[in-house]
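Below you'll find the structure, written out as structure tokens, and then a few comments.
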Amino acid sequence: MAEPYARVLLKLSGEMFGSEGAAITPDVVGSIANQLAEVVDSGHEVGIVVGGGNIFRGASPRAAGMDRSSADHMGMLATVINALALQDACEKVGLDTRVMSAVHMSEICEPYIRRRAVRHLEKKRLVIFAAGLGAPYFSTDTAAAQRALEIEADAVLKATKVDGVYDVDPEKEADATLYKDLDHHTVLNQGLRVMDATAISLCMDNNLPIIVFNLNPVGNILKVVQGEHIGTFVHTP
Ligand code: GTP
């Protein structure tokens, strides 16, 4: 077993918050909160970047014809909705949770202040980073890499609906092969769809590992932070 991770940045896509056509399903968000409680209770510090694709994504065909900056601003607001849903679910299971937004909306949540975020983490509060980076043309994957570096996380945990990174799409090809280990360069050069190129470059340039894993088996987040090798480990050896 590898070293456990004391502080992690977990990237959750918005699609993980809903079911059966609903953008947000409280039971589904509640089960994510249960997993998170297990992780925080075992002493790990967790920051989360949430996506917004279950509600609106700037860089999607649905936004075709729109000004990209306006569409991305809508996507940022979608991430705030998801952040509030996750905060509610986490508080219901007794987790101290703070939402910090890259876009000021003080009536709803705290502004993002790096030092304050780190202090929350030291106090074992879960910190949810909302509104991406507050700038258009940057994905929430890039926000995850950026926030991970700022809070000095030991790794980015990229939660997905499959077991990790495959050579071909495992939902289309039955004989897809799971990569256990990859280096950042290979991900970029082969265009493997782990995170977008900006996010991967940021991680590569700063020697930040990424672990791509399946969120659905209950207990997987804990396994990853405890150093169990599940999913795909992306690093620069
Ligand atoms: P400490 O300073 O470590 O005690 O942290 P704290 O977050 O408990 O204290 P603070 O008094 O800063 O915050 C108390 C509550 O108000 C927390 O739930 C914060 O998330 C919330 N809060 C703080 N600043 C803002 C803000 O600008 N807007 C909103 N909506 N809530 C805020």
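Read the numbers this way: they start at 1 and go in the same order the structure lists the ligands and their atoms. If you're wondering where the values come from, they're calculated on a predicted model, not measured in any experiment. Values below: every heavy atom of this structure, side chains too, minus hydrogens, waters and symmetry copies. This chain uses plain numbering: 1 for the first residue, then up along the sequence.
Side-chain atoms of T198 and S201 form no donor-acceptor pair, as typed in the model, at a separation below 3.5 Å.
Residue pairs that meet the ring-ring contact (aromatic ring centres under 6.0 Å, His included) test with at least one member in residues 170-201, sequence neighbours left out, do not exist here.
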What are the polar N/O contacts of ligand 1 with the protein below 3.5 Å, with distances?
unit_1, atom_1, unit_2, atom_2, d
ligand 1, 3 (O), K123, NZ, 2.5
ligand 1, 3 (O), R125, NH1, 3.0
ligand 1, 5 (O), R125, NH1, 3.0
ligand 1, 7 (O), R98, NE, 2.7
ligand 1, 7 (O), R98, NH2, 3.4
ligand 1, 8 (O), R98, NH2, 2.7
ligand 1, 8 (O), R125, NH2, 3.4
ligand 1, 12 (O), R116, NH2, 2.2
ligand 1, 20 (O), E110, OE2, 2.6
ligand 1, 28 (N), S106, O, 2.6
ligand 1, 28 (N), C109, O, 3.1
ligand 1, 30 (N), S106, O, 2.6
ligand 1, 30 (N), C109, N, 3.2

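More than 12 heavy-atom neighbours from other residues, nucleotides or ligands sit within 6.0 angstrom of CD on E15.
No donor-acceptor distance shorter than 3.5 angstrom exists from the side chain of D154 to the backbone of Y5, with no hydrogens or angles considered.
With sequence neighbours left out, the salt bridge (charged side-chain N to carboxylate O under 4.0 Å, His left out) criterion links E38 to no other residue. Remark: A159 pairs with L10, L12, M16, F213, L215 by the side chain to side chain contact (heavy atoms under 4.5 Å, CB included) rule, at least two apart or across chains.
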